[in-house]
Amino acid sequence: MRMRAAVLEEFGQPLVVQELELAEPRAGEVLVRLVACGVCHTDMYTASGVDPSGYAPTVLGHEGAGVVEAVGEDVTDLRVGDHVVTLFSPQCRECEHCLSPKTNICLAIREQQGKGYLPDSTARLSRPGGEPIRHFMGTSTFAEYTVMPQIALAKVSPDAPLDRACLFACGLSTGLGAAMFTAKVEAGSTVVVFGAGMVGLGAVAGARLQGAERIVCVDLSPQRLEMASHQGATDVLIGGPDTVAAILEMTGGFGADYTIEATGLVAVMRQAVESARMGWGLATICGVAGKGETLDVIPRYLITGRRLAGSSFGGVKGRDQVPQLVQRYLDGDIDVDAFLSHRITLDEVNTGFDLMHAQDGIRSVIDFG
Ligand SMILES: NC(=O)c1ccc[n+]([C@@H]2O[C@H](COP(=O)([O-])OP(=O)(O)OC[C@H]3O[C@@H](n4cnc5c(N)ncnc54)[C@H](O)[C@@H]3O)[C@@H](O)[C@H]2O)c1
Ligand SMILES: [Zn+2]
Ligand SMILES: [Zn+2]
């Protein structure tokens, strides 16, 4: 079939919206008609060419939600008409990692996905009558349609508006999950969240859902801190070199039970470690640091009982837990509307990058109409 998609032709250049060919789903694959797709930092990061694992040409986009249009052979879990959220972090339910409750990092299709191919090592995307185009993050959702493996699609309630549901495909679930599934924040505890973008605000909401008593959010932007208060932060702080001292002062000199980093800055990651509580504080890192950067930790902080964890997609097992998180939104537990700041068309996708660059709003969402 023919469809329109935003192609990263060359790093550092605007995406080019054009007609592409999309082949039919093969065994285990599903054709999805996108209804909405958020614009995330990872898309912009790859488009800039800074990501060492990036490739071009490719169709970017990974925060998608849509409707199943057709299924290939051996697709047992999804039917035409189902509402789905795309998963850059799949869940095969069979590999060693999927069978373990300790991780959400599925091993089934990692290698092929990283190279830009579907699980059988080929692409469904191509230029009309011409060269194949690689898939991005196994999703390529800056497009009217996509073909994805069924293990990378979460079936969600048809009651959830898809322009809200798409935010659960990346940033929001990452933040919620970091607090709920990686840190497993306990009721009554003190949590510090560094960063009040999509991920940090999700972590604030996740900490609230876990019953945290005190939630401190740190950011540079007073507007974003206001949003953090709305999502459940009990205290807010403007970040800076004295943040650790300020948090120690707020916590009787000990530090917080849980700290969650959502900035991508290694200096802030260090603050997250140093403001975790002596004895048992757990620092959870969500941010993606720049190429070659390293995290400086004085070992004494760890020996005295602080722990450090990393979190990919918030530790969320996508097919099982994204539908549950969407249900919590439908139950009124999470205000997702507050995150949706701009609606744009596919042709305006580069405007989405500009808005993100200017820190205008939390999420721009492409509405495919
Ligand atoms: N682990 C994952 O699976 C995963 C998934 C999605 C995004 N991410 C990463 O998470 C990070 C956050 O993503 P986002 O979309 O929320 O980004 P964002 O840019 O919208 O938010 C980052 C926030 O950090 C704030 N900040 C900057 N300096 C600060 C400081 N010194 N102290 C406190 N706050 C400071 C900024 O003001 C901004 O509000 C990024 O690095 C992103 O790449 C990781
Ligand atoms: Zn993302
Ligand atoms: Zn798996």
Side-chain angles (χ1 to χ4, degrees), residues 1-35 37-40 42-75 78 84-90 92 106-153 169-170 346-347 349-350 352-353 366 368:
M1 66 182 293
R2 287 279 173 95
M3 55 129 199
R4 299 179 75 242
V7 181
L8 170 66
E9 295 280 7
E10 258 183 83
F11 294 123
Q13 297 295 316
L15 306 187
V16 184
V17 178
Q18 58 193 276
E19 283 223 324
L20 291 184
E21 201 85 56
L22 183 65
E24 296 202 337
R26 296 187 185 172
E29 297 174 359
V30 176
L31 172 68
V32 178
R33 174 173 60 85
L34 274 315
V35 173
C37 181
V39 180
C40 171
T42 309
D43 300 307
M44 197 164 75
Y45 182 60
T46 300
S48 72
V50 186
D51 178 5
S53 61
Y55 42 79
T58 187
V59 174
L60 295 180
H62 62 285
E63 243 182 49
V67 180
V68 172
E69 286 277 312
V71 297
E73 274 172 55
D74 306 327
V75 172
L78 291 168
V84 290
V85 164
T86 63
L87 302 170
F88 67 85
S89 180
C92 76
C106 173
L107 302 172
I109 58 171
R110 271 180 91 68
E111 207 174 305
Q112 297 91 324
Q113 182 176 318
K115 290 181 186 153
Y117 297 113
L118 290 187
D120 73 350
S121 300
T122 63
R124 301 292 159 274
L125 292 162
S126 61
R127 295 195 197 275
E131 62 161 324
I133 301 265
R134 286 197 269 173
H135 299 240
F136 171 69
M137 289 175 85
T139 51
S140 285
T141 50
F142 287 169
E144 293 172 324
Y145 292 86
T146 186
V147 170
M148 291 179 56
Q150 66 169 337
I151 63 167
L153 292 167
C170 179
L346 180 60
D347 290 291
V349 62
N350 294 301
F353 287 158
I366 299 172
F368 291 91

Between Met137 and Thr42, does a side chain to side chain contact (heavy atoms under 4.5 Å, CB included) hold up when you go through it step by step?
-> CA-CA 10 Å; Met137 289 175 85; Thr42 309; 4.0 Å; yes
Show the numbers, then the answer: is there a side chain to side chain contact (heavy atoms under 4.5 Å, CB included) between Asp347 and Arg4?
-> CA-CA 9 Å; Asp347 290 291; Arg4 299 179 75 242; 2.8 Å; yes
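- Within the 3.5 Å criterion, the main-chain N or O of Pro14 finds no donor-acceptor partner in the side chain of Asn350.
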Walk me through it: do Arg2 and Glu19 pass the test salt bridge (charged side-chain N to carboxylate O under 4.0 Å, His left out)?
-> CA-CA 6 Å; Arg2 287 279 173 95; Glu19 283 223 324; 3.7 Å; yes
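- Annotation: cation-pi pair Arg33/Tyr145 absent, no NZ/CZ under 6.0 Å from the ring centroid and within 45° of its normal.
- To the nearest 0.5 Å, atom OG1 of residue Thr141 and atom CD1 of residue Ile366 are 7.5 Å apart.
- Separating the NZ atom in Lys115 from the OG atom in Ser53 is a distance of 13.0 Å, to the nearest 0.5 Å.
- The side-chain heavy atoms of Val349 and Val17, taken from C-beta on, include a pair separated by under 4.5 Å.
- No more than 12 heavy atoms of other residues, nucleotides or ligands lie within 6.0 Å of CZ in Arg110, so this atom counts as exposed by the packing criterion.
- Around the CD atom of Glu24, the shell of radius 6.0 Å holds no more than 12 heavy atoms that belong to other residues, nucleotides or ligands.
- Side-chain polar atoms of Arg124 and Thr122 form a donor-acceptor pair below 3.5 angstrom.
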For Phe11 and Val50, what are the C-alpha separation, side-chain angles and deciding distance, and is it a side chain to side chain contact (heavy atoms under 4.5 Å, CB included)?
-> CA-CA 9 Å; Phe11 294 123; Val50 186; over 6 Å; no
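- At a threshold of 4.5 Å between non-hydrogen side-chain atoms, the residues Phe368 and Cys37 count as touching.
- Each of Val32, Val30, Thr139 was evaluated against Thr146; a single residue qualifies, Val32, per the side-chain contact (heavy atoms from CB on, under 4.5 Å) test.
- With sequence neighbours left out, His135 forms a ring pair (Phe, Tyr, Trp, His ring centres under 6.0 Å) with no residue at all.
- Electrostatic pairing of Glu21 and Arg127 does not count as a salt bridge here, judged by no charged N lying under 4.0 Å from a carboxylate O.
- Under a 3.5 Å cut-off, the side chain of Thr86 and the backbone N or O of Ala65 do not form any donor-acceptor pair.
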